[in-house]
Amino acid sequence: MTGIENLIRANEDGTLAFGDCTLESKKKKDGFEYGGDVYEVKTFREITKLECNESFVYESVPGTVVDEFQETEDGMSFLVRGEADAQLTVGLTSECDYRVTLDGKEIGVITTDLGGKLSFNVPLEGSTRPVDVKISEVRK
């Protein structure tokens with residue numbers, strides 16, 4: 001498994017790719033400008049973290065590689081891969097309900113905390129392909 005060259009990149013389809021879970025020591029790339037925003041990524045074997053305009057967006061423990069990452073009006077979607085099962089935490093709207101699906105299978109509706117963080121586990125160990133993650137707000 002390889003990580004993203006230069007730790008973060010913009011894909012031709014308008015999505016982002018970031019992370020490198022193969023690194024033995026922490027690496028950081030800040031000041032990555034895309035779509036009028038400034039991104040910072042910190043990544044290595046133990047953690048991958050993404051911030052946008054100094055606000056929390058994504059974190060995985062242990063580290064992961066993310067591709068096709070995009071935030072939408074009502075959530076986000078991305079592909080994630082890693083060397084071990086990971087706990088993901090993403091930043092969304094506070095105290096809202098979100099439907100989370102992994103490879104098209106719903107794992108449930110999760111409510112964000114006061115800070116807008118939503119956490120869930122993704123089985124990655126032994127997988128030869130990325131897991132497709134979709135998070136969408138449940139409208140009441």
Side-chain angles (χ1 to χ4, degrees):
M1 174 182 311
T2 60
I4 303 302
E5 187 176 343
N6 296 324
L7 306 183
I8 187 168
R9 74 164 184 261
N11 295 325
E12 289 182 18
D13 64 1
T15 62
L16 291 175
F18 60 91
D20 188 340
C21 60
T22 65
L23 298 171
E24 291 295 327
S25 61
K26 189 183 295 185
K27 299 277 181 164
K28 174 181 166 180
K29 170 76 174 175
D30 57 4
F32 181 82
E33 295 184 27
Y34 182 71
D37 295 310
V38 179
Y39 290 88
E40 177 181 305
V41 65
K42 299 173 190 168
T43 188
F44 76 123
R45 179 172 304 257
E46 294 179 21
I47 190 169
T48 294
K49 186 172 185 176
L50 179 71
E51 294 180 354
C52 177
N53 301 326
E54 299 183 5
S55 294
F56 175 83
V57 177
Y58 173 96
E59 180 179 277
S60 70
V61 177
T64 54
V65 177
V66 177
D67 201 358
E68 298 180 25
F69 179 88
Q70 64 180 349
E71 294 185 87
T72 62
E73 187 176 300
D74 68 342
M76 62 179 59
S77 64
F78 52 89
L79 300 174
V80 63
R81 57 193 165 91
E83 296 178 341
D85 296 348
Q87 178 174 329
L88 306 186
T89 303
V90 295
L92 297 160
T93 303
S94 65
E95 298 183 303
C96 284
D97 294 332
Y98 288 90
R99 179 169 284 109
V100 180
T101 62
L102 304 179
D103 287 335
K105 295 177 184 159
E106 185 177 319
I107 64 167
V109 173
I110 304 171
T111 303
T112 55
D113 64 15
L114 284 171
K117 291 184 179 179
L118 181 145
S119 296
F120 56 97
N121 293 317
V122 178
L124 298 170
E125 191 161 350
S127 180
T128 58
R129 61 176 189 73
V131 173
D132 183 12
V133 177
K134 295 202 182 335
I135 303 167
S136 57
E137 185 177 354
V138 175
R139 306 280 180 180
K140 295 181 182 181

> Any sub-3.5 Å donor-acceptor pair from Asp85's side-chain atoms to Leu124's backbone N or O?
Replying inline: yes
>> For the OG1 atom of Thr43 and the NZ atom of Lys49, what is their distance to the nearest 0.5 Å?
In response: 12.5 Å
> Pairs in or reaching into residues 114-123: which pass side-chain hydrogen bond (donor to acceptor under 3.5 Å, both in side chains), with residues at least two apart or in two chains?
Replying inline: Thr89-Ser119
> What closest approach, in Å, do Glu68 and Thr15 show between heavy atoms, and which atom pair accounts for it?
Replying inline: CA-OG1, 3.3 Å
> Under the side-chain contact (heavy atoms from CB on, under 4.5 Å) test, which residues partner Glu24, sequence neighbours left out?
Replying inline: Arg45
> How would you list, by chain and number, every residue that makes a side-chain contact (heavy atoms from CB on, under 4.5 Å) with Asp74, sequence neighbours excluded?
Replying inline: Thr72, Ser136, Glu137, Arg139
> Hey, any chance Ile135 and Val131 share a hydrophobic cluster, counting ILVMFWY side chains that come within less than 4.5 Å of each other, even indirectly?
Replying inline: yes
> Counting distance only, does the side-chain N/O of Asn11 pair as donor-acceptor with the main-chain N or O of Gly14 below 3.5 Å?
Replying inline: no
> Considering all heavy atoms of both residues, which atom of Leu79 and which atom of Pro130 are nearest to each other, and what is their separation?
Replying inline: CB-CB, 4.0 Å
> How about Glu71 and Leu92: do any of their side-chain heavy atoms sit closer than 4.5 Å?
Replying inline: no
>> According to ring pair (Phe, Tyr, Trp, His ring centres under 6.0 Å), does anything in residues 97-134 pair up with another residue at least two apart or in another chain? List the pairs.
In response: none
>> Can you give me the closest heavy-atom contact between Pro62 and Ala84, atom names plus distance?
In response: CG-CB, 4.0 Å
> Under a 4.5 Å side-chain heavy-atom rule over Ile, Leu, Val, Met, Phe, Trp and Tyr, are Val80 and Leu118 clustered together?
Replying inline: yes
> Which pairs pass ring pair (Phe, Tyr, Trp, His ring centres under 6.0 Å) with one or both residues in residues 3-29, sequence neighbours excluded?
Replying inline: Phe18-Tyr58, Phe18-Phe69
> How close do Thr112 and Ser94 get, heavy atom to heavy atom, and via which atoms?
Replying inline: OG1-C, 3.3 Å
>> According to a hydrophobic-cluster definition based on side-chain heavy atoms being under 4.5 Å apart (Ile, Leu, Val, Met, Phe, Trp, Tyr only), do Phe56 and Phe78 belong together?
In response: no
>> Less than 4.5 Å apart, side chain to side chain, heavy atoms only: is that true for Leu102 and Asp132?
In response: no
>> Using the salt bridge (Lys or Arg N to Asp or Glu O under 4.0 Å) criterion, which residues pair with Glu46? Sequence neighbours excluded.
In response: none
>> Tell me every residue that passes salt bridge (Lys or Arg N to Asp or Glu O under 4.0 Å) with Glu54, counting only those two or more places apart in sequence or in another chain.
In response: none
> What heavy-atom pair brings Thr64 and Cys21 nearest, and what distance separates the two atoms?
Replying inline: N-CB, 3.8 Å
> So which pairs with a foot in residues 23-55 pass ring pair (Phe, Tyr, Trp, His ring centres under 6.0 Å), sequence neighbours left out?
Replying inline: none
>> So, using salt bridge (Lys or Arg N to Asp or Glu O under 4.0 Å) as the criterion, who are the partners of Glu106 when residues are at least two apart?
In response: Arg99
> What pairs with Glu40 under salt bridge (Lys or Arg N to Asp or Glu O under 4.0 Å), at least two apart in sequence or on another chain?
Replying inline: Lys42
>> In the structure I gave you, are the side-chain heavy atoms of Leu50 and Ile8 within less than 4.5 Å of one another anywhere?
In response: yes
>> Can you give me the closest heavy-atom contact between Ala17 and Asp67, atom names plus distance?
In response: CB-OD1, 3.3 Å
>> Nearest 0.5 Å, please: how far is CZ in Arg9 from NZ in Lys29?
In response: 14.0 Å
> Would you say the side chain of Val41 lies within less than 4.5 Å of the side chain of Val66, judging by non-hydrogen atoms?
Replying inline: no
> Quick one: CD on Glu95 to OG1 on Thr111, what's the gap to the nearest 0.5 Å?
Replying inline: 9.0 Å
> Going through the distances and angles, do Leu7 and Lys28 end up as a side chain to side chain contact (heavy atoms under 4.5 Å, CB included)?
Replying inline: CA-CA 8 Å; Leu7 306 183; Lys28 174 181 166 180; 5.7 Å; no
>> Checking Asp103 now: which residues fulfil side-chain hydrogen bond (donor to acceptor under 3.5 Å, both in side chains) with it, not counting sequence neighbours?
In response: Arg129
> Taking only residues two or more places apart in sequence or in another chain, which ones pass side-chain contact (heavy atoms from CB on, under 4.5 Å) with Ser77?
Replying inline: Gln70, Lys134
> Val38 and Ile4: same hydrophobic cluster, using ILVMFWY side-chain contacts below 4.5 Å?
Replying inline: no
> Quick one: does Asp113's side chain have a donor or acceptor within less than 3.5 Å of a partner on Gly115's backbone?
Replying inline: yes
> Do Met76 and Val90 come within less than 4.5 Å of each other through their side chains, counting heavy atoms only?
Replying inline: yes
